[in-house]
Every structure is written in C-alpha cells, then in structure tokens.
Amino acid sequence: MGKAIGRYLKKHTESLVKDVGIENACELTGKSKATLGRYYSAHDEHSDRFMPIETVALLEKASSYPHVTGALAELSGTTLQYDERRPNAERP
C-alpha cells in the first residue's frame, strides 16, 4: 500500500474514532484506547496496522458520517450518496 494512501486512511480512521468518542469506541469494539490509537498512528512502527473492517463497521454505525467508507470510495473514484435515515436500523 502506498504511504500516501496509508496516511490518508489513518487520518479518516482517526476522524471516525473521534466522531464516536474514544471511550465509546472502546466500549463498542471491545478494544483498548492503545489499540485504537495504533490504527491511526502515523509512527513508522504502526504504518502497516489498520483497523479491521468489522471494527470500522461497528464504529461507522455509531458515527455521524462513514469516515473510512467515504475515504475508500474516494480512493477508488467512487461517489457515495449518504442518507442519514439508516434504513437498516431497528424500528420501534
């Protein structure tokens, strides 16, 4: 993976975690603050560590915007139409 792409994905991963809130993200995913931090760390030792897709899905379900999915779409030249209604959410 190109370094520029990796940095781009890590920035959006950080935005996702911060959108949800670090404490809430830990609770939702069962991962520690340190583990979540490694997923978006710019340090060389973590350059090849990325958030697992199931973790992204859990956090994006709780976030205000699908940060990582949006970044992946941009990288592939795809556009997304974001709909806040969340039709797959449980209904009363």
Side-chain angles (χ1 to χ4, degrees):
M1 177 179 308
K3 286 189 179 208
I5 292 173
R7 284 192 304 268
Y8 184 73
L9 291 173
K10 284 181 174 282
K11 283 191 162 292
H12 286 277
T13 300
E14 181 177 16
S15 295
L16 174 60
V17 172
K18 288 183 176 180
D19 182 347
V20 174
I22 188 72
E23 298 289 336
N24 194 28
C26 291
E27 198 171 303
L28 289 169
T29 64
K31 300 193 183 301
S32 69
K33 288 180 187 179
T35 296
L36 291 174
R38 287 183 195 105
Y39 294 145
Y40 55 82
S41 172
H43 292 13
D44 285 342
E45 66 199 69
H46 303 299
S47 65
D48 63 346
R49 185 181 292 232
F50 294 90
M51 186 176 280
I53 198 69
E54 67 271 10
T55 304
V56 170
L58 283 169
L59 294 178
E60 286 191 346
K61 185 176 179 183
S63 70
S64 65
Y65 179 79
H67 299 276
V68 176
T69 298
L72 289 168
E74 281 184 39
L75 288 170
S76 69
T78 305
T79 58
L80 297 177
Q81 183 175 347
Y82 181 64
D83 185 348
E84 292 183 34
R85 290 179 293 166
R86 302 194 188 245
N88 292 331
E90 290 185 27
R91 297 182 182 155

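Numbers here simply count residues along the sequence, with the first being 1.
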So does Arg38 pair up with Glu45, basic N to acidic O under 4.0 Å? no
Hey, is Lys18 close enough to Glu14 for a salt bridge, meaning N to O under 4.0 Å? yes
Find out whether Met51 and Leu9 are in side-chain contact, i.e. whether some heavy atom of one side chain is under 4.5 Å from a heavy atom of the other. no
Are Tyr39 and Lys31 close enough that some pair of their side-chain heavy atoms sits under 4.5 Å apart? yes
Treating Ser76 as the side-chain partner and Ala73 as the backbone partner, does any N or O pair qualify as donor plus acceptor under 3.5 Å? yes
Connected via hydrophobic side-chain network under 4.5 Å: [X] and [Y]:
X     : Y     : value
Leu80 : Ile5  : no
Tyr65 : Leu58 : no
Val68 : Phe50 : yes

Heavy-atom pair of closest approach, residues [X] and [Y]:
X     : Y     : answer
Ser63 : Asp19 : CB-OD2, 3.6 Å
Lys10 : Ser47 : CE-O, 3.8 Å
Ser32 : Cys26 : C-SG, 3.7 Å

Strictly by modelled atom types, are Glu74 and Tyr8 linked by a side-chain donor-acceptor pair under 3.5 Å? yes
For Arg7 and Lys3: C-alpha separation, side-chain torsions, deciding distance, then whether side chain to side chain contact (heavy atoms under 4.5 Å, CB included) applies. CA-CA 6 Å; Arg7 284 192 304 268; Lys3 286 189 179 208; 3.6 Å; yes
To the nearest 0.5 angstrom, please state how far the CG atom of Leu36 sits from the CD1 atom of Ile22. 5.0 Å
